[in-house]
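The block underneath contains the structure these notes are about, expressed in structure tokens.
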Amino acid sequence: MTEINYWLMKSEPDAYSIDTLKNESETLWDGIRNYQARNFMRKMNKRDKVFFYHSNCKPPGIVGLMEVIDLNIVDPTQFDKDSKYFDPKSKPENPKWDCVKVKFISKSNKILSLPELKILFSEDELLVVKKGNRLSILPVQKDIAKIILEKL
DNA sequence: GCCAACGTTGGC
DNA sequence: GCCAACGTTGGC
């Protein structure tokens, strides 16, 4: 029985939104090209919960909840020449990028906006409230996650 | 290994 | 459109 951990993953709603996930019910979280973000995905376990954060939109904030359902999947987009995530340096015998599969759990009734997150939490508690933070995948401490869950 | 230049993310 | 905060790249 592995422990349930909490994460936050960002996506621009123009590229992939909570509504798209709701329709598709599950998706590969591919296209991650940042080592720190990739390494966080490697630390995930099945059944971990993930807050879905809409970035680069107005207003930015947490819009729903997902669950990790599959791990360590080779990111197919790194070998797809037509994909914007194509990585010519990655070889099939030694793939650089992998990802997880997530499923939709719920869409929140109200967006938990970044300003609200800033009121609730400090930079140290919740990295997403840190100015200029660009990491698209972040761990969320359990006590912080509980507070967020109550607000969704 | 250092570091300057450049690129990207994403809030505002 | 601006800019802060990084990550990446490449010359040396």
Side-chain angles (χ1 to χ4, degrees), chain A residues 5-24 26-44 48-68 71-141 143-145 147-152:
Chain A
N5 290 307
Y6 293 87
W7 308 88
L8 180 143
M9 301 205 293
K10 303 181 191 175
S11 176
E12 301 189 10
D14 288 347
Y16 196 89
S17 74
I18 186 76
D19 290 319
T20 313
L21 178 63
K22 188 177 181 180
N23 288 335
E24 295 183 347
E26 58 183 54
T27 192
L28 264 192
W29 207 263
D30 54 14
I32 299 299
R33 294 293 178 270
N34 171 289
Y35 290 107
Q36 225 181 318
R38 183 202 66 180
N39 293 342
F40 281 138
M41 281 198 289
R42 289 182 173 179
K43 287 185 174 177
M44 291 179 183
D48 278 4
K49 299 294 184 292
V50 184
F51 298 109
F52 194 134
Y53 180 93
H54 276 179
S55 67
N56 212 357
C57 59
K58 107 180 178 187
I62 293 171
V63 292
L65 192 63
M66 312 182 269
E67 181 180 317
V68 177
L71 308 170
N72 301 317
I73 302 162
V74 173
D75 183 339
T77 63
Q78 67 195 307
F79 304 124
D80 178 2
K81 286 198 170 70
D82 295 326
S83 169
K84 67 183 233 184
Y85 301 116
F86 175 65
D87 183 352
K89 290 189 214 161
S90 186
K91 300 291 166 227
E93 59 272 21
N94 186 22
K96 280 172 68 181
W97 306 108
D98 42 71
C99 56
V100 297
K101 187 182 269 188
V102 291
K103 75 170 183 189
F104 175 84
I105 295 184
S106 62
K107 178 182 175 178
S108 36
N109 297 319
K110 192 177 92 49
I111 183 169
L112 185 49
S113 72
L114 183 59
E116 285 174 271
L117 291 169
K118 283 179 176 170
I119 291 166
L120 286 169
F121 308 110
S122 69
E123 287 184 11
D124 291 338
E125 288 172 322
L126 191 62
L127 275 174
V128 74
V129 307
K130 185 181 174 187
K131 185 181 179 184
N133 175 46
R134 300 171 311 129
L135 253 192
S136 67
I137 298 177
L138 299 164
V140 178
Q141 299 165 42
D143 51 334
I144 306 296
I147 296 169
I148 295 173
L149 284 170
E150 287 168 11
K151 303 270 180 190
L152 292 184

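Each chain gets a letter, A, B and so on, in the order the sequences are listed, and its residues count up from 1.
- Residues from residues 113-120 of chain A that place a heavy atom under 4.0 Å from any atom of DNA chain B, listed by number: A/Leu114, A/Lys118.
- Legend: residues meeting side-chain hydrogen bond (donor to acceptor under 3.5 Å, both in side chains) with A/Ser106, ordered by chain and number and at least two apart, are absent.
- Within the structure, salt bridge (charged side-chain N to carboxylate O under 4.0 Å, His left out) contacts touching residues 113-124 of chain A (residues at least two apart or in different chains) are A/Lys110-A/Glu116.
- Sorted by residue number, the members of residues 125-140 of chain A with any non-hydrogen atom under 4.0 Å from DNA chain C read A/Lys130, A/Lys131, A/Gly132, A/Arg134.
- Applying the salt bridge (Lys or Arg N to Asp or Glu O under 4.0 Å) test to A/Arg42 and every residue at least two apart in sequence or in another chain returns A/Asp98.
- Annotation: salt bridge (charged side-chain N to carboxylate O under 4.0 Å, His left out) contacts involving residues 73-83 of chain A, sequence neighbours excluded, comprise A/Arg33-A/Asp75.
- Pairs of residues two or more places apart, or lying in two chains, that qualify as side-chain hydrogen bond (donor to acceptor under 3.5 Å, both in side chains) and include a residue from residues 49-64 of chain A are A/Glu12-A/Asn56.
- Every side chain to side chain contact (heavy atoms under 4.5 Å, CB included) that A/Ala145 has, sequence neighbours left out, goes to A/Tyr6, A/Phe51, A/Val140.
- Atom CG of residue A/Leu152 and atom CG of residue A/Leu112 lie 6.0 Å apart, to the nearest 0.5 angstrom.
- Counting any heavy atom pair closer than 4.0 Å across all strands shown, A/Lys84 reaches no nucleic acid atom.
- Residues satisfying the side chain to side chain contact (heavy atoms under 4.5 Å, CB included) test with A/Lys96, not counting sequence neighbours, are A/Tyr35, A/Gln78, A/Asp87, A/Lys89, A/Ser90.
- On the nucleic acid side, DNA chain B contacts chain A at distances under 4.0 Å to non-hydrogen atoms, with the end points of that region at B/dG7 to B/dC12.
- Applying the side chain to side chain contact (heavy atoms under 4.5 Å, CB included) rule to A/Ser11 yields the partners A/Tyr16, A/Trp29, A/Phe52; only residues at least two apart in sequence or on another chain are considered.
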Would you mind writing out the side-chain donor-acceptor pairs for residues 129-136 of chain A within the sub-3.5 Å range, not counting sequence neighbours?
unit_1	atom_1	unit_2	atom_2	d
A/Asn133	OD1	A/Leu135	N	3.4

